[in-house]
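Just so it is clear: chains get the letters A, B, ... in the order the sequence lines come, proteins before strands, and each one is counted from 1.
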Amino acid sequence: MAKPFEFELLHVCKQTGARRGRLHTPHGVIETPIYMPVGTQASVKTMSPDELKDCGAQIILSNTYHLHLRPGEELVRKAGGLHEFMHWDRPILTDSGGFQVFSLADLRKLTDAGVEFRSHLDGSKQFISPEISIGIQEALGSDIAMQFDECSPYPCDYTRARDAMYRTLRWLERCMKAKSRPDQALFGIVQGAFYSDLRIECAKEMAKLDLPGFGIGGLSVGEPKEVMYEMLEKMMPFMPEGKPRYLMGVGSPDCLIEGVLRGIDMFDCVLATRVARNGTVFTHDGRLVVRNAKYAEDFSPLDADCDCYACKNFTRAYIRHLFKAGEILALRLNSIHNIWFLTHMMDEIRAAIENDCLLDWANEFYARHGRGNW
RNA sequence: GUGGGUGUAGCUCAGUUGGUUAGAGUGCCAGGUUGUGGCCCUGGAGGCCGAGAGUUCGAGUCUCUUCACCCACC
């Protein structure tokens with residue numbers, strides 16, 4: 001029997017060095033590399049838990065910041081925890097709220113103590129510290145909690161990036177001290193903006209800590225993809241080999257592939273569900289904006305090579321009609337398809353790693369639509 | 001038949017005492033979206049201002065004629 005949060009490194013692709021692993025959690029096993037759909041407010045927008053399972057989702061994300069503001073973690077605790085509350089019996093990972101403070105809250109004051117900011121919901125003054133973030137996440141009862149971190153913007157000058165990186169390290173220690181639930185894992189988050197020396201130092205410091213996994217934060221914040229890939233290559237040798245590496249907030253199909261090729265084990269991203277709700281789907285031939293007029297009389301599925309519920313039963317013309325008519329089913333079908341597309345793409349990637357042929361698989365994947373225009 | 005009202009973008013309308021290249025919303029078309037503030041953001045196309053004549057340096061705007069539609073009265 002595996003220990004809680006044990007990460008088994010099952011195989012390393014001889015062709016690429018990509019990793020095939022297995023992460024154990026109280027709510028089940030996660031096969032890696034994996035894409036995790038995002039359900040910020042205890043819901044992957046427009047999708048029911050059953051539909052998520054049908055799409056092959058093994059684990060979903062939820063969010064400390066949003067659930068703290070509404071409905072509040074105490075309510076979730078009374079409901080029996082997040083799993084019970086949202087009727088999801090597979091693993092859940094909660095983001096700490098650090099990124100939300102960086103990306104959407106009206107940031108008031110950032111000190112070593114924590115962050116004081118205004119709620120985006122009602123403007124009320126709020127305060128989150130590493131201890132408070134852990135407290136919220138323990139009340140929510142997620143399987144994996146993320147440390148409260150400071151995410152640097154892009155671009156970011158060296159001094160600010162260095163300060164954010166060291167603060168993130170200090171906050172990680174406080175998160176570890178505040179942590180009390182043995183049935184919840186805590187991941188650190190490597191920061192350091194786009195300075196490889198900061199990234200490497202951060203990774204080295206975190207590697208000294210006995211943690212079940214590590215996030216890589218502060219990437220995919222507006223920089224060119226090549227810049228992100230280069231940063232991953234430089235820092236990856238310093239990430240602990242026996243622990244899962246979670247590239248936060250990534251991404252598009254090509255970014256997932258490139259991430260796996262560089263040693264990433266876990267990804268999450270809102271892109272798939274967000275673009276879905278705005279009329280775009282991923283297909284084996286690239287992105288398809290199904291609301292475009294050219295699909296008005298196209299009675300083929302979104303993606304001919306897809307077995308998802310939307311592709312098996314509905315046409316582009318119908319989904320375009322639903323979209324133009326403002327019907328909610330359009331958002332749902334697009335979301336179902338995009339989640340299916342990424343989870344099954346990762347299935348193929350895992351198989352390719354096991355067969356030591358991920359590079360061949362990637363080249364084949366790119367052959368249809370190209371490498372850079374996703 | 002008489003009196004009144006309305007005609008401006010596909011649709012609903014704004015347009016000042018007459019004054020640059022006639023606007024908005026919506027719809028249409030096309031991009032965008034990367035640890036989610038769920039119908040979003042950005043851009044584009046689209047007008048002989050019902051038609052004709054007149055006044056004026058200049059008319060969507062003023063005058064006359066005419067056409068269409070609406071309302072009231074007979």
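Between A:Arg320 and A:Val44, the residue whose closest nucleotide on RNA chain B is further toward the 5' end is A:Arg320. Heavy-atom nearest nucleotides on RNA chain B were determined for A:Lys294 and for A:Gln191, and the one closer to the 5' end corresponds to A:Lys294.
A:Leu61 comes within 4.0 angstrom of the backbone, heavy atoms only, and of no base. Looking at heavy-atom distances under 4.0 Å, A:Leu247 makes no contact with the nucleic acid at all. Using a 4.0 Å heavy-atom cutoff across all strands shown, A:Asp268 reaches sugar-phosphate atoms only and no base atom. Residue contacts for A:Lys225: at a heavy-atom cut-off of 4.0 Å it reaches a base atom on one of the strands shown. A:Ser43 comes within contact range of no nucleotide atom at all, as no heavy-atom separation falls under 4.0 Å. Residue contacts for A:Arg291: at a heavy-atom cut-off of 4.0 Å it reaches a base atom on one of the strands shown. Nucleic acid contact class of A:Gly98 (heavy atoms, under 4.0 Å, all strands): none.
Side chain of A:Thr280, nearest nucleotide from B:U34, B:G35, B:U33: B:U33. Checked against B:U33, B:G35, B:A30, the side chain of A:Ala293 finds its nearest nucleotide in B:A30. Listed nucleotides: B:G38, B:G35, B:U33. Nearest to the side chain of A:Asp149: B:G35. The A:Asn292 side chain lies nearest to B:A30 when the options are B:G32, B:A30, B:C39. Set against B:G31, B:A30, B:G35, the side chain of A:Val289 has B:G31 as its closest nucleotide. Side chain of A:Val270, nearest nucleotide from B:C29, B:G32, B:U34: B:U34. Distances were taken from every side-chain heavy atom of A:Asn278 (C-beta onward) to each of B:U33, B:C39, B:G35; the shortest belongs to B:U33.
B:G52 and B:G44: their C1' atoms are spaced 35 Å apart (whole Å). Taking atom C1' in both B:C57 and B:G31, one finds a spacing of 46 Å when rounded to whole Å. Across B:G58 and B:C41, the matching C1' atoms stand 41 Å from one another, rounded to whole Å. The C1' atoms of B:U20 and B:G27 are separated by 30 Å, rounded to the nearest whole Å. When the C1' atom is compared between B:C62 and B:G19, the two are found 14 Å apart, to the nearest whole Å. The same atom, P, is picked in B:G18 and in B:U63; the two are 11 Å apart, to the nearest Å. Here, B:U6 and B:A51 have their C1' atoms 16 Å apart, quoted to the whole Å. With C1' as the reference atom, B:A24 and B:U8 are 12 Å apart, rounded to whole Å.
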N/O-N/O pairs, protein side and nucleotides 42-44 of chain B side, under 3.5 Å:
none

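In this structure, OH of A:Tyr154 is placed 15 Å from P of B:U34, rounded to the nearest angstrom. When the C1' atom of B:U34 is taken as reference, atom CD1 of A:Ile264 falls 14 Å away, rounded to whole Å. Atom P of nucleotide B:C29 and atom OH of A:Tyr295 are separated by 13 Å, given to the nearest angstrom. In this structure, CE of A:Met266 is placed 12 Å from C1' of B:G35, rounded to the nearest angstrom. To the nearest angstrom, P of B:C39 lies 11 Å from CZ of A:Phe323. Rounding to whole angstrom units, CG of residue A:Leu329 and C1' of B:G38 are separated by 16 Å. Atom-to-atom, CZ of A:Phe282 to P of B:G32 comes out at 12 Å; the value is rounded to the nearest Å. At whole-Å resolution of the value, CD in A:Glu226 and P in B:U34 are 17 Å apart.
Using a 4.0 Å cut-off between a side-chain N of Lys or Arg and a carboxylate O of Asp or Glu, A:Asp305 and A:Arg368 qualify as a salt bridge. Salt-bridge annotation for A:Glu138 and A:Arg181: absent, with no side-chain N of the basic residue lying under 4.0 Å from a carboxylate O of the acidic one. In this structure, A:Asp254 pairs ionically with A:Lys225, as a charged nitrogen and a carboxylate oxygen lie closer than 4.0 Å. Classification of A:Glu354 and A:Arg350 as a salt-bridged pair fails, no side-chain N sitting under 4.0 Å from a carboxylate O.
Put simply, A:Arg287 has a side-chain N or O that comes within less than 4.0 Å of OP1 or OP2 on B:U33. Side-chain N/O atoms of A:Lys324 include one lying less than 4.0 angstrom from OP1 or OP2 on B:C29.
For the pair A:Arg262 and A:Tyr229, the cation-pi criterion (under 6.0 Å, within 45° of the ring axis) is fulfilled.
With no hydrogens or angles considered, a side-chain donor-acceptor pair links A:Glu201 and A:Tyr166 at under 3.5 Å.
The shortest distance between side-chain heavy atoms of A:Phe214 and A:Tyr246 does not fall below 4.5 Å. Taking 4.5 Å as the limit, every side-chain heavy atom of A:Met47 sits out of range of all side-chain heavy atoms of A:Pro37.
A:Lys294 places no side-chain N or O within donor-acceptor distance of the main-chain N or O of A:Ala296, the cut-off being under 3.5 Å.
Taking the six-membered ring for Trp, A:Tyr309 and A:Phe314 have ring centres closer than 6.0 Å. Checked against a 6.0 Å centroid threshold, the rings of A:Tyr366 and A:Trp361 do not count as neighbours. Residues A:His27 and A:His83 place their aromatic rings such that the two centres sit under 6.0 Å apart. In summary, the aromatic rings of A:Tyr65 and A:Phe117 are positioned with their centroids under 6.0 Å apart.
Between the side chain of A:Arg274 and the base of B:G35, no donor-acceptor pair of N or O atoms lies under 3.5 Å. Side-chain atoms of A:Asn63 and base atoms of B:G35 include no donor and acceptor less than 3.5 Å apart.
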Base-pair string, RNA chain B, Watson-Crick plus G-U, cut-off 3.5 Å on both distances, | for inter-strand, is (((((((..((((.....[...)))).(((((.......))))).....(((((..]....)))))))))))).

